[in-house]
Each structure stands twice: as C-alpha cells, then as structure tokens.
Amino acid sequence: MVLKENVGLSIMAQLNLAALLLLCCLSIGFGWRVTKNEGYIYPTELYFKQNLDHFDFTINATFTQRYFVSEQYWTKMDGPIFFYTGNEGDIELFIKNTGLMWDIAPMFKAMVVFAEHRYYGKSKPFGNLKPSTKTIKEFSYLTAEQALADFAILVKHIKSTDSKAKNSPVVVFGGSYGGMLSAWFRLKYPHIVTGAIAASAPVLYFPSTVKCSQYNEAVTNNFLSVQNGETCVANIRNVWKTMNETAKKPGYIYPTELYFKQNLDHFDFTINATFTQRYFVSEQYWTKMDGPIFFYTGNEGDIELFIKNTGLMWDIAPMFKAMVVFAEHRYYGKSKPFGNLKPSTKTIKEFSYLTAEQALADFAILVKHIKSTDSKAKNSPVVVFGGSYGGMLSAWFRLKYPHIVTGAIAASAPVLYFPSTVKCSQYNEAVTNNFLSVQNGETCVANIRNVWKTMNETAKKPGGLKLLGEIFHLCSAINSSTAVESFIKDIFGNMAMVDYPYANNFLSNIPAWPVNKTCQHLSEPNLQGLDLLQAMHSAIGVYQNYTGSVKCYNVKTTETSKLSTTLWNYMTCGAMVMPFCANGVTDMFPVKNWTQESFDKSCFKKYGIKSRPEWALTDFGGSKAVEAGNIVFTNGLLDPWHVGGVPEMKSESVVSILMWGAAHHLDLRHANDADPSSVVEARKTQVKHIAKWISSTQERLRPSTAHRVRRKRRACE
C-alpha cells in the first residue's frame, strides 16, 4: 500500500532533491562555507492543536502536537524555513542529532523547525495507552498519511501567524523513517514543500522491492569489512548453535512461550481486527529435518494447565524425536481478544468470534506459521492431541484440515454429546454408576439421594440457611439451599471425571481414587438430619479441601484458576449444546428437567443469543467424523463423558478404545505405575498408529528411488 501510494520517489521529487543539492554546492562555490555550528540556541518548545483524523470529517476529536522553533538565524522577510519531519521517537532526540540543519541555517538565514510525530514524545492523543487488541480504534490514526497531514497543517499555521513568512520556501529534512516522510512530504504536498533532504530513507524497503535477506546480509558485510572480520563473523555464526544446544541440555524442559498474531475473524474478510494467540514450543527432542510435530489443541482454559497434565506427549516425544507444541484456545488464558471482558447481553459482538470453527482456523494458521519459519519443518508430519473439548477439537482438526493434520489422538472427546445423539439423563447416570462401583457404593448413593431433601427441609426452618452455611463452612450467606445443591452436584461430576488411581492436582488437590474416599464418609446406612449434612460436608472435602488449607467454600463457583466455566457456559449456549437432566431414580441427583426451549430462554437471558443444537453435528459430522481417518478415540468407562464418545470400534484408519478403570483422558497423562492395564494397552495402540501415520507421511514425501537416480545422473552429467 505504501509503495503504491508513494511510488518510491516521483520524477519531480527527484528533480527537486537534485536541484537543492546543486544549490548547496553552488553556495559553497561562491564562498558560503559550511562549518560546524556549536553556538545555536536551543529552540522554543510550542504546541499546536491538530485534528485526530484529517480524512474523516465526521470525527472532531483533536490532540496537541509538540514542535520546536528557532528564529536565531532567520531573516524574517521570506527567509527559508528548515523543517524536520519527526520520526518514531521523542523529537528532542533529533534536535540534538541533526546538526546539518544547525550548521547551514546561518548560511541560509533560515528558521529551524522540528515537528514531533503524532503518538511519540509528548504528542500522544491517548496518553501512555499501548497498542493492543483492545485499543485497535485508538491506534487506527497512527499512520504516515496522518502524520504528513499534521506537518502540512503545521507549516501553514507557522506561515499564517507571521505575514513575513507568508512566502518563505520550505525545505524539509529527515533521516531513516523521517527521511521517508520528508521525501513523501515533498511528493504529496509539492505546493507546500520546496525541496527535501531525505537521508538514509528506505523508501523501497517493502516486500515487493527487496529480499527479506538483504538487511541482514548488509549487516554481515559491515562486520566482514573490519579487521579480523571473517573470524568475527564465523564466531557469531557459531554462537546460535551453541546457545540452542545449551538450552536443550537437562533442565530446559519447560517449553518456550511465544505469541502469534491471528485474525479475529477468519471468515469475514471485511474485518481486519487481530488478536495475539499464545503458544508454547519445545524442540528439546526434535530432529529438525522433517521430524514430526506433536500439536496440542488447547481447550477451555489456560494452556499451561494442559502442558502440565498431558504427559503422554512428553513421554513419547523422545521416541519420535518430535517437536512439541501447545496452542492456547482463543479467549482463554492469555489469548484474549478483549481482555477480561465477560460474555453478556452487552457484549454479544465481542464474543461472536468465540467458536470452535474460529479456534480450528487459528490452529491451522499457527501450524503453517511454525512450518514456514523453519524450512526444515516444511514436510514435518503433524499429529494433534487433545482431551475432552480439546479432544473434540483434535478430531475435528483432522476432519476439517486433513492436508495439515496427519493424525489425531482424541481422548475423552464427547463428539456425540448433543441433544439429538444422547439422552439428557446419561451423564448424571454415568456419574452415579461410578459411585455405585466403589466399596459401599449403594449405601453412599442412597445417602446422596437423601441429602437433597434434607438440605431443602433444613433451609425452610427458622435459621436453617444460616445453619447450612455453618455446616458447610460457606464463605458468604445464601438465600436458598439451591446454591449449595448445585455446588455439590458439580463437585461429584468433577470427582467422577478425575477419578484417577493416584493423587493429582489437575482440577483440585485430590487423593487417589477420590470417589472411593468420598463414599467412605457416606458409608453408614440411613444417615439422617444433621448427621447426614455433616457427613456430606466431610465427603465434599475430599475434592474441595483434601489438603485442609481451605478456610471456607465459595458456592458460587467450582471454577479453577486455570479453567473458565464462565466462557465454556457461553460456548454451550452457542453450538456446544450439551443437555443435562436428572430424575433422582436412575441417578443420585435432585430432579431437574431439560428442554431445548427452556435452555434457549436461559441462554438468551444471560447472553442475548439463541443456541444452535444441531450445528455441531452438521458442521463436524458427529460419528461420521471418523471418515476423516487417522484418528484414535479413547474413553474411560469411569468418566461420565464417555456416554458422548465414539463407541468402541476398530478399522484400518480409525480406532475407538474403551478403557475400564479409567477416568477423563487418563491415557493423556504421564505413565504411572498405578495405571490400569487398559490404559497401558491404549497407549501402545496410540503409539502404533502414530508411528504408522508418521511413516506413511514421510514415505509419501520422500523422493522415489527412480527420482533419486535421475537426480544423481543429472548431477554427474
């Protein structure tokens, strides 16, 4: 755009530059000696009100531009004005480092003006605000075109305030970007600017007119030109490899945090807004020449939570000599287009870009970026990993972008958990079956079924709500027992999900087999009244306060610091519609109905949107997603989400494994001696398929024997 707009330098501009240089040479020839001027008086600081936008007449906002003026050498009657076009910094830096203007000003009896560039120094329309995804509008006025208009209007202002300057010729000076501006000032405003001195102005340094390598080659040639330059450059070249190898030594395990600019909307080309996506990369085990890339499709939380809880990728990366990448999902962690803004009826537009489709496009573009920045990764096979919603994304990534993704490990991915493919009761029935499976499970479940009625009856008594608050150690007063009821239900669901055979801190600090530990507190038959409530408090403490460090419970949320149920709830009101209901008979929870109509009303009230319950199945195919091939689905039978997973199946390119004794994506975690054999075998199957996918891709991209022979023959000829 800049090159087309300014066309390098126009012929007229070049002629005027030449003419001015000739004038300087002639003046020296006639005895006007250019000498170093060390006696100039520091110019006067002034301010001038400028329009924020010179090209949109509906915008009346203004800002104050700083400039400096010296009339020390000026012969006022139409004497020349030397005008410096400020560049990317405080203008006083250039006052002190542009001596030519001061040296020749006495010769030409010139006024000297230094104009500060908008948004720099003290000419800031929005103070110290920084450009970001949240300040796109504020920084839309930071352009060379707006700056040139500032300079033009400032020159007219200076001339208009002193009639003796009315016909003063204006010669502009600038260096680097300021030099570009001085040349463009002459080009765009030839009726204002007489001539331009454009020093070190890279007016042709744009993608279509230079090679990206030329700058660094010129830097290198400078170093080569000095004494011992070749030795110096050789040592510089070697240091990069040395630093990289040092970083790969033991102790440098945690991946490198990086950021990448993504389009806010990949599917509307009239929207140019962007945001910054966070991702992490480890090349610790990577054999660079087309070694595989293991890519985690981030889900509904801070990506670092999954870096620390997806041990499978780390365990097998050395075996495959793989690069490991963890990509954060838009709107989560530190990849927030609108900061900490929350979804509501007032922020419908801002959250319209929070969809699985947009997230998948982010991942696809990020993979292409990673490959394009290292030629040795150009043909690297990409295997994607994900658990839960991340597992859904990994399967869909393979489905939607098979030309980018070689294969997918989709753990505990409920790709069928939508209204038309599951019953709303199935999840809570699965949670209940987990609790029934442990020692004293039937007694435990019976007590859980009874506690809801007990809480409700207690809440209705005088002082009952206060008593519930004391028994359950709540942080704040409650208006009904419903808040405690929902809090406990969420805990039991989460506990069934992370019912691992060893202690962990994935969602909370919990012991091994937490469901079993919970039921130990509810193992006494027919608990009633306060005894039942006290037992329930101890039971939920297994999940909520196993370390004993929690002083009170906040029943308003079970959200962790790394996961966002707030954003996920918003997504379920869009296309991720997942129905939940309970009847208290086939499950252990209080009766709760679910209808699409009531769900839609709730979503519209909270977020101002109407759900699309069939869209995910239409867009991603449900069980037909397997037709993409090269996917391994795994589901643990202790995990309540398995009811929405792909049923057990086995084909040449797609496998779905059901693991007994396993909870939510246990197979994605680091190998542990306590893992059930079903998980050990599932990992073996995953590794076998990953090896096959990688081998097949590398073989396909490898030149054929005949091609290699022909290439050798041509080389010999």
Side-chain angles (χ1 to χ4, degrees), residues 1-2 4-6 43-69 81 83-95 113-162 170 172 174 177-178 180-182 184-185 187-189 191-193 261 263-265 268-276 336-341 344 346-353:
M1 175 61 187
V2 173
K4 288 181 180 179
E5 182 71 15
N6 296 312
T44 302
E45 184 180 38
L46 299 168
Y47 290 86
F48 178 64
K49 184 182 290 186
Q50 291 277 11
N51 287 324
L52 183 61
D53 192 327
H54 295 291
F55 308 108
D56 185 341
F57 301 110
T58 67
I59 297 176
N60 298 316
T62 61
F63 77 99
T64 304
Q65 181 182 24
R66 182 170 65 150
Y67 67 107
F68 288 78
V69 176
I81 298 173
F83 186 100
Y84 187 90
T85 50
N87 30 339
E88 69 279 20
D90 189 302
I91 192 62
E92 293 194 77
L93 174 68
F94 304 101
I95 291 173
V113 179
F114 282 83
E116 194 163 69
H117 193 298
R118 54 169 53 203
Y119 285 77
Y120 292 95
K122 293 183 179 179
S123 302
K124 298 176 178 178
F126 301 100
N128 292 320
L129 195 67
K130 296 290 189 295
S132 72
T133 55
K134 295 183 284 187
T135 58
I136 294 170
K137 182 59 178 175
E138 288 83 353
F139 283 86
S140 65
Y141 311 106
L142 176 53
T143 67
E145 289 81 2
Q146 297 281 8
L148 290 173
D150 291 339
F151 297 152
I153 290 171
L154 180 58
V155 168
K156 292 191 71 175
H157 165 72
I158 292 170
K159 286 191 167 192
S160 69
T161 53
D162 191 330
V170 177
V172 294
Y177 170 51
M180 300 167 79
L181 291 172
S182 69
W184 294 338
F185 198 4
L187 173 68
K188 290 292 185 183
Y189 299 90
H191 54 292
I192 294 175
V193 176
K261 184 183 287 186
N263 287 324
L264 183 60
D265 192 329
D268 185 340
F269 301 107
T270 67
I271 296 176
N272 297 317
T274 61
F275 76 99
T276 305
K336 298 177 178 179
F338 300 100
N340 291 321
L341 197 68
S344 70
K346 298 178 183 178
T347 58
I348 295 172
K349 182 60 179 174
E350 288 83 352
F351 284 87
S352 64
Y353 312 105

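Quantities reported herein were computed from a predicted structural model and do not represent experimental measurements.
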Taking side chain as C-beta onward, heavy atoms only, is [X] less than 4.5 Å from [Y]?
X      : Y      : answer
Tyr141 : His54  : no
Val155 : Phe185 : yes
Tyr67  : His157 : yes
Phe83  : Leu154 : yes
Thr62  : Leu52  : no
Lys336 : Phe338 : no
Tyr84  : Ile91  : yes

Minimum heavy-atom separation for [X] and [Y], please, with both atom names.
X      : Y      : answer
Leu181 : Ala144 : CD2-CB, 4.0 Å
Ile136 : Ala273 : CD1-CB, 3.7 Å
Ala115 : Gln65  : CB-NE2, 4.3 Å
Asp150 : Asn51  : OD1-O, 4.2 Å

Any donor-acceptor N/O pair, Gln146 side chain to Asp53 backbone, under 3.5 Å: no

Main-chain N/O of Lys130 paired to Thr135 side chain as donor or acceptor, under 3.5 Å: yes

To the nearest 0.5 Å, tell me how far [X] [atom1] sits from [Y] [atom2].
X      : Y      : atom1 : atom2 : value
Phe55  : Glu145 : CZ    : CD    : 6.5 Å
Lys134 : Asn340 : NZ    : CG    : 6.5 Å
Glu116 : Phe48  : CD    : CZ    : 15.0 Å
Ile59  : Ser140 : CD1   : OG    : 7.0 Å
Leu341 : Glu350 : CG    : CD    : 5.5 Å
Ile192 : Leu148 : CD1   : CG    : 10.5 Å

Arg66/Glu92 salt bridge by N-O under 4.0 Å criterion: yes

Answer yes if the ring centres of Phe139 and Tyr119 are under 6.0 angstrom apart, and no otherwise. yes

Ring geometry between Tyr120 and His117 (parallel below 30°, tilted from 30 to 60°, perpendicular above 60°): perpendicular

